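Here's the structure, in structure tokens; my notes come after.
Everything quoted here is computed from the prediction, not taken from an experiment. Throughout, a chain's letter reflects where its sequence line sits, starting with A, and its residues are numbered from 1.
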Number of protein chains: 2
Amino acid sequence: MSWKKRVAEAAVARLPTYSRALDELDRKGVEIISSDELGEKVGYSAAQIRKDLSCFGEFGKVGTGYYVKDLKEAISQILGIDRAWNVALVGAGNLGSALLAYPGFRERGFRIVAVFDNDLRKIGKKWENVILQDISEMPEKIKEQGIQIGIIAVPAKVAQQIADMLVLSGIRAILNFAPARIVVPDGVELRAADLSRELERLSYFLTNEAAIRTEALQKGKVAGGEEDKTRESHHYRQDW
Amino acid sequence: MSWKKRVAEAAVARLPTYSRALDELDRKGVEIISSDELGEKVGYSAAQIRKDLSCFGEFGKVGTGYYVKDLKEAISQILGIDRAWNVALVGAGNLGSALLAYPGFRERGFRIVAVFDNDLRKIGKKWENVILQDISEMPEKIKEQGIQIGIIAVPAKVAQQIADMLVLSGIRAILNFAPARIVVPDGVELRAADLSRELERLSYFLTNEAAIRTEALQKGKVAGGEEDKTRESHHYRQDW
DNA sequence: CGACTTCTGTGACGGTTTTCACAAATCGTC
DNA sequence: GACGATTTGTGAAAACCGTCACAGAAGTCG
């Protein structure tokens with residue numbers, strides 16, 4: 001598929017959010033939604049949503065809005081999640097095993113069907129219905145099952161080696177949880193999920209922006225803002 | 001501290017990467033590095049790095065480069081990670097317990113000193129040196145310990161409720177791992193870490209860009225590119 | 001059917017981010 | 001100390017991104 005216009009990378013990054021919101025609306029039985037309402041729900045402006053979608057086609061009906069089912073389906077197709085993806089996970093330490101057990105991936109169509117580690121004590125064990133395999137078997141197994149997406153959850157030191165192995169095994173896309181930069185050849189897509197980075201940005205905020213804001217507030221330069229009626233927080237126990 | 005010029009949000013987002021690279025260089029005994037070399041290491045352009053740093057001051061020496069120790073120290077101060085932060089974690093399920101055990105946070109100065117859940121079977125248990133506490137004790141404990149950063153690792157359904165509680169408890173910054181949008185009042189910083197989103201972006205790539213590239217390649221429109229001599233991947237077993 | 005409301009898709013605009021290019025400062029060497 | 005090589009910091013330009021505003025299509029209602 002090639003699209004109407006140049007596709008903004010930033011727009012693609014927002015599609016998963018739209019997709020999830022539409023899923024929820026659909027489950028609730030909502031049939032039609034305007035860009036205004038959807039924007040309210042996902043936290044982006046209505047114009048943003050319309051512009052994002054316009055990269056890929058025209059999905060709305062003037063004077064009405066978007067048919068939830070149709071838009072949901074369209075975005076799924078654009079993202080390529082109107083199918084299941086088999087995923088290989090490398091590293092069965094703390095993070096790796098949590099990712100394996102994390103239900104969010106499967107809910108969005110990503111099935112971890114192979115897990116590799118080098119800890120001989122773990123090899124052969126069955127976790128979450130997947131048998132832990134030795135790293136040396138990785139290339140063969142990945143090719144065998146035609147897996148295209150790999151998740152790296154090994155220590156930073158060996159992340160590059162694992163990435164190289166994944167590429168040699170024929171992997172086309174990598175999600176890297178190791179706090180290390182890795183390099184992959186052209187044609188392989190790489191994305192970093194650095195868990196600490198976001199905490200560090202929060203630390204920046206607390207150290208700088210928040211201090212500035214507080215200062216300004218004390219000088220009366222920042223409007224008070226409405227007092228934000230806090231939500232009900234009873235009954236949170238039963239449903240998680 | 002208030003800075004030389006308007007600070008680009010995008011620059012702040014890159015500082016953690018620079019920081020980590022400088023740590024590593026320092027550990028290796030490197031004393032001086034140019035923006036060019038650092039750029040090579042972290043994967044950004046030299047100009048990008050110089051521009052980013054210029055928001056905060058002048059740290060380099062013309063004709064020489066940057067003193068690794070000095071720059072490392074300076075960035076730590078800017079980010080506010082030249083100290084330890086106490087962090088509260090809410091949710092001790094799969095993801096929560098992995099985050100608790102994840103060594104990367106502590107390495108960067110973030111200590112999870114309180115964990116809350118609502119599963120009565122878990123309350124009172126000691127994990128990773130932290131005693132699991134009932135969610136109802138959260139406001140009190142957070143105030144008591146003056147915790148400013150909270151991590152949400154609960155199911156999407158209750159994420160907003162937990163966020164509200166955190167805000168009421170006096171939390172100033174939240175890192176949300178739940179796949180749900182949450183809203184917080186002004187003055188509280190919120191960051192989302194959605195694990196599935198990145199996989200979905202990879203799926204987009206595999207479904208669209210990769211296909212286009214392949215097509216182009218077949219028509220001979222894309223240059224072959226150097227054949228990327230693959231790294232040695234022996235001996236990966238001993239060090240992780 | 002006509003008047004009024006609603007809502008999309010998009011061109012135009014302004015803001016932010018990245019890249020480019022270079023003056024000026026410093027280093028190394030002879 | 002002079003000269004060529006190196007490297008920073010920064011304006012200017014380019015690319016990218018988000019918001020605004022509106023024409024025109026469709027819906028609503030009497």
- Query: A:Glu58 has a side chain; which of C:dT10, D:dC17, D:dT10 sits nearest to it?
  - Reply: C:dT10
- Just how far, in rounded Å, is P of C:dC20 from CG of B:Asp36? 13 Å
- Message: Regarding B:Arg201 and A:Glu189, does a basic nitrogen lie under 4.0 Å from an acidic carboxylate oxygen?
- Response: no
- Could you tell me whether A:Lys61 and A:Asp70 make a salt bridge, using a distance below 4.0 angstrom between a side-chain N and a carboxylate O? no
- note: B:Arg14, atom CZ; C:dT16, atom C1'; distance rounded to Å ~ 12 Å
- Task: With the side chain counted from C-beta on, respond yes when B:Leu79 and B:Pro16 share a heavy-atom pair under 4.5 Å apart, and no when they do not.
- Result: yes
- Note on the structure: A:Arg50 atom CZ is separated from D:dC20 atom P, nearest whole Å, by 11 Å
- Assert: residue with more 5' nearest nucleotide on DNA chain D, out of B:Ile33 and B:Lys51, is B:Ile33
- Message: Tell me whether the side-chain N/O atoms of B:Tyr66 come closer than 4.0 Å to OP1 or OP2 in D:dG9.
- Response: yes
- Query: Relative to the 5' end of DNA chain D, which residue comes earlier, A:Val62 or B:Lys61, by the nucleotide with the nearest heavy atom?
  - Reply: B:Lys61
- Task: Indicate, with a heavy-atom threshold strictly under 4.0 Å, whether B:Tyr44 touches base, sugar-phosphate, or nothing.
- Result: nothing
- Whole-Å distance, A:Gln48 CD to D:dC16 P, equals 16 Å
- Message: Please tell me whether A:Ser34 and A:Glu37 have a donor and an acceptor in their side chains that are separated by less than 3.5 angstrom.
- Response: yes
- Query: Expressed in angstrom and rounded to an integer, what is the separation of B:Asp52 atom CG from C:dT17 atom P?
  - Reply: 10 Å
- Distance test, side-chain N/O of B:Ser45 to OP1/OP2 of C:dT19, below 4.0 Å: yes
- Separation of D:dA15 atom P from A:Lys5 atom NZ, nearest Å, is 19 Å
- Is the NZ or CZ atom of A:Arg111 positioned over A:Phe105's six-membered ring, under 6.0 angstrom from the centre and within 45° of the axis? no
- Query: Taking only side-chain nitrogens and oxygens of A:Ser54, does any of them come within less than 4.0 Å of OP1 or OP2 of C:dG9?
  - Reply: no
- In terms of side-chain heavy atoms of A:Ser34, which of D:dT10, C:dT8, D:dC20 is nearest? C:dT8
- Query: Can you tell me how far C1' of C:dT18 sits from CG of B:Leu53, to the nearest Å?
  - Reply: 15 Å
- Message: Can you identify which nucleotide, out of D:dC17, C:dT19, D:dT19, has its nearest atom closest to the A:Ala8 side chain?
- Response: D:dC17
- Query: How long is the line joining CG of A:Leu38 and P of C:dC7, in whole Å?
  - Reply: 13 Å
